[in-house]
Amino acid sequence: VQLQASGGGLVQAGGSLRLSCAASGSIFSDNTVGWYRQAPGRQRDLVAAITKGGSTYYADSVKARFAISRDNAKNTVYLQMNSLRPEDTAVYYCNALNTDPIYYRGSYYADPLLSWGQGTQVTVSS
């Protein structure tokens with residue numbers, strides 16, 4: 001299964017971007033899917049996830065600013081990012097989740113199911 005994220009770019013603080021991630025095969029339609037991000041020198045964190053039934057999870061840092069959605073027919077997941085902040089700067093990756101997201105101190109945690117694909121760089125200038 002190949003994962004291909006796209007839609008990143010350079011945006012000013014307060015701006016918006018919409019990320020897309022397509023997967024080969026039907027892996028997305030069969031699993032909870034999430035967006036992770038990794039800033040330089042930091043671990044890769046789960047920022048949003050969506051179940052097969054459409055339930056969503058958001059890290060506190062992005063809640064009310066980001067929206068995750070999915071199109072099972074296209075095996076694609078999206079991340080609409082609004083009111084972007086410089087601290088949102090990171091490489092964003094998508095993946096299916098191997099475990100249910102667990103909430104702890106403002107963040108969700110879940111192991112990825114697949115090997116990581118190519119991420120997309122998001123840079124927010126102040």
Side-chain angles (χ1 to χ4, degrees):
V1 177
Q2 292 185 327
L3 303 173
Q4 181 68 48
S6 62
L10 173 64
V11 63
Q12 290 187 329
S16 299
L17 285 173
R18 187 186 190 219
L19 307 184
S20 300
C21 182
S24 57
S26 62
I27 191 70
F28 276 2
S29 61
D30 294 337
N31 291 279
T32 298
V33 185
W35 282 95
Y36 296 75
R37 69 184 179 188
Q38 187 169 22
R42 302 192 64 177
Q43 67 181 22
R44 194 168 300 183
D45 294 324
L46 179 65
V47 296
I50 184 168
T51 67
K52 291 188 292 184
S55 297
T56 56
Y57 303 83
Y58 297 98
D60 288 358
S61 60
V62 306
K63 193 177 296 183
R65 299 188 299 122
F66 289 12
I68 189 171
S69 60
R70 63 193 295 164
D71 186 334
N72 290 336
K74 296 181 179 180
N75 291 310
T76 302
V77 61
Y78 305 96
L79 187 68
Q80 178 66 44
M81 305 187 296
N82 301 324
S83 302
L84 282 163
R85 304 168 179 169
E87 53 264 38
D88 295 319
T89 295
V91 179
Y92 284 71
Y93 302 85
C94 67
N95 211 316
L97 273 53
N98 195 33
T99 57
D100 291 332
I102 298 173
Y103 183 80
Y104 180 71
R105 291 188 176 182
S107 297
Y108 279 97
Y109 298 87
D111 291 335
L113 180 64
L114 307 168
S115 299
W116 294 105
Q118 181 177 345
T120 185
Q121 175 71 49
V122 172
T123 303
V124 185
S125 62
S126 58

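Along the sequence shown, residues carry numbers from 1.
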Engineer: If I take atom OG from residue Ser126 and atom CZ from residue Arg85, how far apart are they, to the nearest 0.5 angstrom?
Structural biologist: 14.0 Å
Engineer: Using the ring-ring contact (aromatic ring centres under 6.0 Å, His included) rule, collect all pairs that involve residues 33-69, keeping only residues at least two apart or in two chains.
Structural biologist: Tyr36-Trp116, Tyr57-Tyr108
Engineer: To check you understand the geometry: which heavy-atom pair defines the closest contact between Ala49 and Pro101, and what is its length?
Structural biologist: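 Result for this residue pair: CB-CG, 4.2 Å.
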Engineer: Nearest 0.5 Å, please: how far is CG in Asn95 from OG1 in Thr32?
Structural biologist: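 It comes to 12.0 Å.
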Engineer: Got a sec: does the CD of Gln121 have more than 12 other heavy atoms crowding it under 6.0 Å?
Structural biologist: yes
Engineer: I need the Ser107 OG to Asp60 CG distance, nearest 0.5 Å.
Structural biologist: 7.0 Å
Engineer: So, do Ser29 and Asn75 sit near enough that their side-chain heavy atoms are less than 4.5 Å apart?
Structural biologist: yes
Engineer: Roughly how far apart are Leu3 CG and Tyr93 OH, rounded to 0.5 Å?
Structural biologist: 12.0 Å
Engineer: Decide whether Val62 and Leu19 are clustered together by the hydrophobic rule: side chain heavy atoms of Ile, Leu, Val, Met, Phe, Trp, Tyr closer than 4.5 Å, transitively.
Structural biologist: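 Same cluster.
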Engineer: Quick check: do Tyr92 and Cys21 have side-chain heavy atoms less than 4.5 Å from each other?
Structural biologist: no
Engineer: Mind checking the CD1-CG spacing from Ile102 to Leu46? Nearest 0.5 Å is all I need.
Structural biologist: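 So the CD1 of Ile102 and the CG of Leu46 are separated by 11.0 Å.
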Engineer: For Lys52, look at atom NZ and say whether over 12 heavy atoms of other residues, nucleotides or ligands are found less than 6.0 Å away.
Structural biologist: no
Engineer: Under a 4.5 Å side-chain heavy-atom rule over Ile, Leu, Val, Met, Phe, Trp and Tyr, are Leu97 and Val47 clustered together?
Structural biologist: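 Result: no, two separate clusters.
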Engineer: Do Val91 and Val11 sit in one hydrophobic cluster, given that two such residues count as connected whenever their side-chain heavy atoms are within less than 4.5 Å of each other, even indirectly?
Structural biologist: no
Engineer: So if you build clusters from Ile, Leu, Val, Met, Phe, Trp, Tyr with side-chain heavy-atom gaps below 4.5 Å, do Leu79 and Leu113 land together?
Structural biologist: yes
Engineer: Is a side-chain donor or acceptor of Arg70 paired with a backbone partner of Thr51 at a separation under 3.5 angstrom?
Structural biologist: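 It does hold such a pair.
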Engineer: Hey, does the side chain of Thr89 reach the backbone of Pro86 with a donor-acceptor pair shorter than 3.5 angstrom?
Structural biologist: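 Yes, because the side chain of Thr89 sits within donor-acceptor range (under 3.5 Å) of the backbone of Pro86.
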Engineer: Mind checking what makes side chain to side chain donor-acceptor pair (under 3.5 Å) contact with Ser83, not counting sequence neighbours?
Structural biologist: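 For Ser83 there are no side chain to side chain donor-acceptor pair (under 3.5 Å) partners, ignoring immediate neighbours.
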Engineer: Nearest 0.5 Å please: distance from the CG atom of Asn31 over to the OG atom of Ser26.
Structural biologist: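 Spacing of CG (Asn31) from OG (Ser26) equals 9.0 Å.
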Engineer: When you measure from the side chain of Asp71 to the backbone N and O of Thr76, does any donor-acceptor pair fall under 3.5 Å?
Structural biologist: no
Engineer: Between Ser69 and Val77, which heavy-atom pair has the shortest distance, and what is it?
Structural biologist: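 Where Ser69 meets Val77 most closely, the heavy atoms are O-CG2, 3.1 Å.
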Engineer: By the salt bridge (Lys or Arg N to Asp or Glu O under 4.0 Å) test, which pairs, at least two apart or in different chains, include something from residues 86-114?
Structural biologist: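 Salt bridge (Lys or Arg N to Asp or Glu O under 4.0 Å) check on residues 86-114 returns Arg37-Asp88, Arg65-Asp88.
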